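Being a predicted model, the structure only gives us computed values, none of them experimental.
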Amino acid sequence: MPELPEVETVRRSLEPFLKGVAIRTVAIREPRLRRPVADNFAELLTGRTIAKLGRRGKYLYLYLDDGNIWLIHLGMTGQLLVEESAGELLPHDHVLVFLGNGRRLRYNDPRRFGLMTIGTAAEIDEVTALGVEPLGRAFTSRYLWEKTRGTRRTIKDVLMDQRVVAGIGNIYASELLFRAGVQPSRIATTLTPAAVERLVEATKAVLREAIRHRGSSISDYRDGEGKRGGFQDRFRVYDREGQPCSKCQSRIRREIRGGRSAFFCPRCQR
DNA sequence: CGCACCCCCTGCCGGC
DNA sequence: TGCCGGCAGGGGGTGC
């Protein structure tokens, strides 16, 4: 579920409740996430204060007052919610963190594809192994040009490779490719410099617009206060197979590769 | 090295 | 109504 815009929205919505706040107690109800939550997880967290909240790609970085980082990935169905401490528990509430301000942070994740770990900056970087931030200065047409040379991969695969650029998932890959006028199945190395430039511009524009609309809620994505996003109402191609293209009225198509659907307009995208 | 394929896990939806 | 297959925003491993 959550790609960069959703994780950024979660970060912003949690910040007022978590920044500068102490961690009182931690309860692990189900440690079996993508990787098991470590035995010393609660011990490393208890008594710490959250200095600030950051984000890299689809990962949340919670900086602790002892220099460690609490890393959280939401997988497909993960939710982080701040609530009153006495709230009722639900199925798939795997981790509870009780805070010094009387609130509770609840991690719910039905599919358990999420990840939660604590480590030094170097250890965390090794876990995430991320490329540049798409909204940062380092993501330029020159950078993407170099990453698309001499490969047989499709442009969608390159854009979704977190080691190249961090945070683009299946929704925003389809949306930005539409905006740039490039077919998902296009072999990356055949792109012209102009097309690469359009892709970088489209990436930044789509991600910024999605953040402005607080992300996309298809089924279960919610921000830190349980609120839905609004960008799903602005999809141009994603999940719109058979519907008319907003520019040319051609039918939007869906193609599957690597088990993932790509949505595109066969006329507007080349 | 790239890539096709499978896996992890639960829930939902459509077809029969 | 119930069952079954397909599919879902994530990442990772394997064998070719």
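Counting non-hydrogen atoms under 4.0 angstrom, A:Phe231 reaches nothing in the nucleic acid. If you check every strand for non-hydrogen atoms under 4.0 Å, A:Gly169 touches sugar and phosphate atoms only. The residue A:Arg260 sits close to a base: some heavy atom pair falls under 4.0 Å. Heavy atoms of A:Ser261 sit under 4.0 angstrom from primed sugar atoms or phosphate atoms, though from no base atom. Among the protein residues, A:Arg254 comes within range of the sugar-phosphate backbone only, with heavy atoms under 4.0 Å from sugar or phosphate atoms but none that close to a base.
Between A:Asp220 and A:Gln79, some side-chain heavy-atom pair lies under the 4.5 Å cut-off. At a threshold of 4.5 Å between non-hydrogen side-chain atoms, the residues A:Ile168 and A:Leu176 count as touching. The shortest side-chain heavy-atom distance between A:Arg251 and A:Gln243 does not fall under the 4.5 Å cut-off.
Here B:dT10 is the nucleotide among C:dG10, B:dG2, B:dT10 with the atom lying nearest to any side-chain atom of A:His92. Checking C:dG9, C:dC7, C:dA8 against every side-chain atom of A:Arg111, the shortest atom distance belongs to C:dA8.
Evaluation of A:Phe113 against the base of B:dC9 yields no stacking contact (centre distance < 5.5 Å, interplanar angle < 30° required).
Comparing A:Tyr59 and A:Phe263 against DNA chain C, the residue whose closest nucleotide sits nearer the 5' end is A:Phe263.
Residue side chain A:Arg112 does not reach the base of B:dC9 through any donor-acceptor N/O pair under 3.5 Å, judged by distance alone.
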